[in-house]
Amino acid sequence: MEMDSSLDSKPEIQSATPPTEDNDSMEENSHNGEAAISSSLETDGDSLQLATISSKLLRMLEAATNWQSALVKMQNSEKVFEENDRVVSEAPRTKRQIQYPEQMREFDSHLTKTGRRSLSHSISHSSMDSNSSGGSDAENLEDEVCPGDMQQINSKGNRDFCIKNIKLADFGRREIELAEDEMTALMALRKAAQGEKPLAAAKIVGCTHVTAQTAVLFETLKVLGAQCRWAACNIYSTQDEVAAALAEQDFPVFAWKGESEDDFWWCIDRCVNVEGWEPNMILDDGGDMTHWIYKKYPHLFKKVKGIVEESITGIHRLHHLSKAGKLCVPAINVNDSVTKQKFDNLYCCRESILDSLKKTADIMFGGKQVAVCGYGEVGKGCSAALKAMGSVVYVTEADPICALQACMDGFRLVKLGDVVGQVDMVITCTGNKNVVVREHMDLMKNGCVVCNMGRSNTEIDVNSLRTPELVWLHVRAQVDHIVWPDGKRIVLLAEGRVLNLSSSTVPIYVLSITATTQALALIELFNAPEGRYKKDVYLLPKKLDEYVASLHLQTFDARLTELTNEQAKYMGLSKNGPFKPSYYRY
Ligand SMILES: NC(=O)c1ccc[n+]([C@@H]2O[C@H](COP(=O)([O-])OP(=O)(O)OC[C@H]3O[C@@H](n4cnc5c(N)ncnc54)[C@H](O)[C@@H]3O)[C@@H](O)[C@H]2O)c1
């Protein structure tokens, strides 16, 4: 994948769907299977905001969000949807059995010729970005042997997977079941899709974290009709027992915790380099799967209907491709969906920063002085949590708007250099590089805790600490003491990688939001009529964000206020939403 930032052509914006006269913009355009859901197509950042969604998706969502007694209703309903969306119902369904053993042999012989290293010519952008969550008691049973070198077979004789240890399957299934309980929106989608399979004939190749929560997503995609193959987007984050549970269910998964960089690309290759099976959808987190297909199998893009990308890194890569005119299929930017951003960045970090610091550094928060670098969503979450615990929080910011917000929220806005000698903790949340450098760390007081909540490991210049005069003492998992010649030590957490993903667990509920958005984006791209999407990067429409929120409201037994006709008219809205324009900032 080439990144040509010199080309800066703005994507062409397709013509907007005209608003319906009665202002009820949920009306279907029955001639092409589309449902107009907002009155205009707008841009949000670099991503285009969609104006329509497929009628199949809309029907399913309406069923799933009828949340007074949604689940019961769907279970009892014989015919939830009418089968009128030809895009999917007439699509060919692959019945042919894939010849996995032969494919394996062929691939293995290729490996013996070239060696596994031949697959690894480039460094993953995202594979090293973050570390694993938690882990389990059941892991590490067969740590010594590389899974790629082992003969693997499940209880049904299937070999089309590569994981750490199939014996962990029962543990993994329990983890997945636990996640299902919290991921009510995906479970509602499964029930809503009983009448028709919106992903029938979809062949999804996925590269995301392999955890219990993403397993619920992939198993949902399967229930919705898709065939999937799946590799990990991160070398540390795979829950081996979950991968085992999937493999035991004949799910082609290629991932284990602690992959080498070579293993990482090998696993990705095993997902796409398959005889008799070609993907037509990509679900990516970080852009590595997309990158690999571009690099090794560009012909596959002839069949690919679209890419759904979750991470900032991956979105950047897609925008670069788009601007260079090299993006050959449409893509949906899930990362910038409002619900995803708020939950992943603000609420998740607000909850997990305290847990992560407690687990790693046993910190008492009351009265501690903390510098939070960056007051975006993540910085806001971290600052709020620490303030609530009685810490004295200083904020650093480059953007005057966020800086003003920090002031209005009662934080002292400072330059890091001015407070770094007095604070007990420094937390980076900028997504930038070299925010904390050696000069800052030289000034820190004894015992200062340094950590990063940004996605990449570039925020703290950890390499500058690898010099002969400094001694590294490994204290426990994710905790190192760096000792200066005069005896001063700082406490470095997770070696500067993203702290909460390295040392804590992310609330399932947060992941449920993202996973639901990903599922809806896949359904939308797969079912979209020819020509709706150009080769560009799109945001899901506001209405779908509202659906994702509605599906999750069920958990709280919450009651939404319904606008009266008079109120809706007064506000110029449809009673069914969308309730805000795409540019609205929540
Ligand atoms: N740990 C997690 O669970 C988690 C979750 C979501 C996102 N993230 C990551 O956290 C990072 C921040 O995400 P966000 O949503 O808050 O982004 P954001 O863009 O909303 O906020 C980042 C802020 O940092 C500021 N900033 C940039 N460089 C700075 C510098 N040198 N000094 C001070 N401030 C600076 C920016 O002006 C911006 O306001 C990203 O890398 C993101 O991928 C982590």
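Because the structure is a prediction, the values reported are computed rather than measured. Whatever order the structure lists them in is the order used to number ligands and atoms, beginning at 1.
Within 4.0 Å of ligand 1, heavy atoms belong to protein residues I312, D344, N345, C349, G374, G376, E377, V378, T396, E397, A398, D399, C402, C429, T430, G431, N432, V435, M453, G454, R455, V498, N500.
Remark: E439 engages no residue in a side-chain hydrogen bond (donor to acceptor under 3.5 Å, both in side chains) (not counting sequence neighbours). Legend: residues meeting side-chain hydrogen bond (donor to acceptor under 3.5 Å, both in side chains) with Q518, ordered by chain and number and at least two apart, are E310.
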Would D536 and S322 satisfy side chain to side chain donor-acceptor pair (under 3.5 Å), going step by step from the backbone distance to the final call? CA-CA 6 Å; D536 218 323; S322 169; 3.2 Å; yes

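D181 contributes atom CG, which lies 11.5 Å from atom OG1 of T555 (distance to the nearest 0.5 angstrom).
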Sequence neighbours excluded and cut-off under 3.5 Å, please list the side-chain donor-acceptor pairs for residues 400-412, or say none.
residue : atom : partner : partner atom : Å
Q405    : OE1  : K380    : NZ           : 2.8
D409    : OD2  : Y375    : OH           : 2.6

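No cation-pi contact links R173 to F171, judged by a cut-off of 6.0 Å to the six-membered ring centre and 45° from its axis.
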